[in-house]
Amino acid sequence: MQKRMFYFLLIFTLLQNCQQTAAPTKTLQSLPIEEKVVVLPKVIVYDYDTTAWTDIGLVDTSIVLDIKYATTDNFVKEKMYNCGRCFLRPTPAKLILQAHKSLQEKGYGLKLFDCYRPKPFQQKLWDKVPNASYVTPPWKGSMHNRGAAIDLTIVDENGEELEMGTPYDFFGETAHHTYTKHSAQINANRKLLKDLMESLDLKPIRTEWWHYSYQKEKYEISEMIWECPKE
Ligand SMILES: [Zn+2]
């Protein structure tokens with residue numbers, strides 16, 4: 001009888017163990033799809049000196065980049081930059097990122113046409129158009145050559161540019177802030193951009209609705225040329 005009981009207990013224990021091992025384990029295949037997705041933290045690879053520069057498009061990918069001098073769609077009809085990236089000095093960069101965030105809260109965003117312009121490209125531009133009314137002589141250097149100026153506009157939630165009365169780099173009276181004969185909508189769009197920029201210490205110039213610069217810090221003219229993705 002004791003022997004029987006021993007065997008009974010032995011089989012019972014074995015069966016229990018068996019059940020335990022047979023219990024369904026969570027394999028990768030059995031996981032629902034959403035549990036298979038491993039979300040890795042976003043890693044930004046900086047390929048420049050981050051103490052001197054910020055690449056706006058790299059740190060906020062929701063900003064629309066349309067760097068005109070990296071295309072032939074510019075007033076000299078020639079591709080100047082090897083590729084389009086938007087570099088600014090860290091302080092003005094921070095302000096532009098702030099401006100974009102505040103526009104996003106209203107369903108808008110920024111679109112950037114030109115940012116830091118390396119001195120060698122300013123020379124190229126000057127060689128093409130040696131006229132100080134349109135291009136700053138490279139020896140003088142503009143705020144763009146110092147990484148403190150930006151050319152930009154506002155886009156709606158579909159990425160469409162708000163009407164500003166003239167295209168970017170249109171040289172004429174209708175591009176001036178002082179021109180008063182645009183529609184109420186255009187005036188309101190320009191005002192939205194100007195008020196926002198001025199609230200962040202980014203100063204306009206009278207003749208170009210798209211140009212703003214940060215003048216509270218002095219920066220050297222730079223020859224830094226950014227890296228481009230390998231073809
Ligand atoms: Zn400009």
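Numbering of ligands and ligand atoms starts at 1, following listing order.
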- Asp156 to Asn158 - nearest heavy-atom pair and separation: OD1-N, 2.8 Å
- Message: Per the ring pair (Phe, Tyr, Trp, His ring centres under 6.0 Å) rule, what does the pair list look like for residues 180-201, sequence neighbours excluded?
- Response: Tyr179-His182
- Verify the distance test for Glu208 against the Zn ion (ligand 1): any N/O/S atom under 2.8 Å, yes or no. no
- Item | From His144, His176, His177, residue fulfilling ring-ring contact (aromatic ring centres under 6.0 Å, His included) relative to His211 | His144
- Considering just N/O/S atoms, say which atom of His211 is closest to the Zn ion (ligand 1). ND1
- Message: Quick one, Lys124 and Val76 - any side-chain contact, counting heavy atoms below 4.5 Å?
- Response: no
- Of all N, O or S atoms in His144, the one closest to the Zn ion (ligand 1) is NE2
- Query: the Zn ion (ligand 1) is nearest to which N, O or S atom of Asp151?
  - Reply: OD1
